[in-house]
**Q** 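Got a structure for you, questions after.
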Amino acid sequence: QTMLLVAAAHDSGELDGVLRAARTLGADPAALDDAETAGLLQVAAAVVSFVHPLMRSAIYLGASSRRRREVERALADSLDPDIDADRKAWHLANAASGPDAEVAAALQAAAERAGARGGHATAATAFERSAALTATAELRSNRLADAAGAAWQAGKPERARALLDQALPL
């Protein structure tokens, strides 16, 4: 179950990353073979993928929120902070159970990098999640306004308006 949950939570399915995170949670690498033999997932070209697209969601959502946070934390810990800063920030955000200034700042930085690359929709999502992890009203409002700006640039005016509606009362 741990191996399946790690594979479900891993954003790229990279075999090495799945195995590293699963090992830190005490999973035996042979569990991957068992899951493959059972027809639940497959490994090809060093990428783990589920045989049916809904299986990934079912496994992830079938786990308790505490267990999902543990797995997300293990995935974040298995990533290099310099090479995979954005992916690490997202896994840390998924592991957070409430406001977390450090994770919110990491997501804000990921949003800024996405925006600089022209990934405005991704930037909007990252700014919005960063705001959700922010405890102070003023900073949360600023991050929601940044999310609205990125949504606008992504061609999503309704989403931009909704984000501004959240920011204004703050």
Side-chain angles (χ1 to χ4, degrees), residues 1-100 102-134 147 150-151 154-156 159:
Q1 288 179 343
T2 297
M3 183 65 74
L4 288 172
L5 184 54
V6 169
H10 199 283
D11 52 332
S12 71
E14 174 194 43
L15 178 60
D16 184 53
V18 169
L19 291 173
R20 264 194 329 265
R23 257 186 244 114
T24 65
L25 294 166
D28 183 349
L32 190 63
D33 294 336
D34 295 340
E36 194 171 17
T37 300
L40 299 173
L41 49 77
Q42 59 190 12
V43 179
V47 175
V48 179
S49 60
F50 286 90
V51 296
H52 193 282
L54 294 177
M55 192 167 300
R56 179 181 184 182
S57 295
I59 289 169
Y60 190 81
L61 296 174
S64 70
S65 61
R66 180 191 57 79
R67 189 64 176 152
R68 287 193 306 265
R69 286 191 306 276
E70 288 172 354
V71 166
E72 294 285 0
R73 173 54 101 177
L75 286 166
D77 290 345
S78 73
L79 293 170
D80 183 297
D82 296 322
I83 297 171
D84 291 314
D86 295 352
R87 291 175 60 214
K88 185 176 187 77
W90 276 108
H91 283 298
L92 288 171
N94 290 338
S97 59
D100 186 315
E102 190 174 316
V103 174
L107 264 183
Q108 179 179 353
E112 290 166 353
R113 286 188 292 271
R117 291 188 305 267
H120 301 296
T122 299
T125 301
F127 277 127
E128 184 176 12
R129 181 68 174 122
S130 175
L133 294 171
T134 303
K156 300 183 182 227
R159 184 167 179 218

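FYI, the numbering just counts along the sequence from 1.
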**Q** Rounded to the nearest 0.5 Å, what separation is found between the NZ atom of Lys88 and the CD1 atom of Ile83?
**A**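 Interatomic distance, Lys88 NZ to Ile83 CD1, rounded to 0.5 Å: 11.5 Å.
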**Q** Rounded at 0.5 Å granularity, tell me how far CG in Leu32 sits from CG in Leu40.
**A**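 Reported value, rounded in 0.5 Å steps: 10.5 Å.
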**Q** Does the Arg159 side chain pair with the main chain of Ala151, one donor and one acceptor, at a distance under 3.5 Å?
**A** no
**Q** Atom CG of Leu107 and atom CD of Glu102: how far apart are they, to the nearest 0.5 Å?
**A** 11.5 Å
**Q** Do you know the tightest heavy-atom contact between Val71 and Ala9?
**A**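 What the structure gives for the nearest pair is CG1-CB, 3.7 Å.
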**Q** Taking all atoms of both residues into account, what is the closest heavy-atom pair of Leu75 and Gly17, and its distance?
**A** CD2-O, 4.4 Å
**Q** Heavy atoms only: give me the nearest Ala96-Arg69 pair and the separation to one decimal.
**A**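 That would be O-CD, 3.9 Å.
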**Q** Give me the atom names and distance for the closest heavy-atom approach of Leu5 to Ala63.
**A** CD2-CB, 3.7 Å
**Q** Could you check if a side-chain atom of Trp90 sits within less than 4.5 angstrom of a side-chain atom of Glu72, using non-hydrogen atoms only?
**A** no
**Q** Supply the atom-to-atom distance Met3 CE to Leu41 CG, rounded to the nearest 0.5 angstrom.
**A** 9.0 Å
**Q** Go through the side-chain N and O atoms of Arg66 and Ser97 and say whether any donor and acceptor fall under 3.5 Å apart.
**A** no
**Q** Locate the shortest heavy-atom distance separating Arg117 from Asp86; write the atom from each residue and the value.
**A**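 Shortest heavy-atom separation between Arg117 and Asp86 comes out as NH1-OD2, 3.7 Å.
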**Q** Between CG of Leu25 and CZ of Arg73, what distance do you get to the nearest 0.5 Å?
**A**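 The CZ atom of Arg73 is 12.0 Å from CG of Leu25, to the nearest 0.5 Å.
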**Q** Considering residues, nucleotides and ligands other than Glu14, do more than 12 of their heavy atoms fall under 6.0 Å from its CD?
**A**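 Yes, enclosed.
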**Q** Could you state the interatomic distance from CD1 (Ile59) to CZ (Arg68), rounded to the nearest 0.5 Å?
**A**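 So the CD1 of Ile59 and the CZ of Arg68 are separated by 13.0 Å.
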**Q** For the residue pair Ser12 and Arg87, establish whether any side-chain heavy-atom pair is separated by less than 4.5 Å.
**A**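 Ser12 vs Arg87: side chains touch.
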**Q** Would you say Ser130's side chain and Ala126's backbone share a donor-acceptor pair under 3.5 angstrom?
**A** no
**Q** Just by modelled atom types, is the Val43 backbone N or O under 3.5 Å from a matching donor or acceptor in the Glu36 side chain?
**A** yes
**Q** Over all heavy atoms of both residues, which pair between Thr122 and Ala114 is shortest? Give the atoms and the distance, please.
**A** CG2-CB, 4.0 Å
**Q** Given side chains that start at C-beta, do those of Thr24 and Asp77 come closer than 4.5 Å, heavy atoms only?
**A** no
**Q** Going through the checks in order, is the side-chain hydrogen bond (donor to acceptor under 3.5 Å, both in side chains) test met by Arg67 and Thr2?
**A** CA-CA 9 Å; Arg67 189 64 176 152; Thr2 297; 2.7 Å; yes
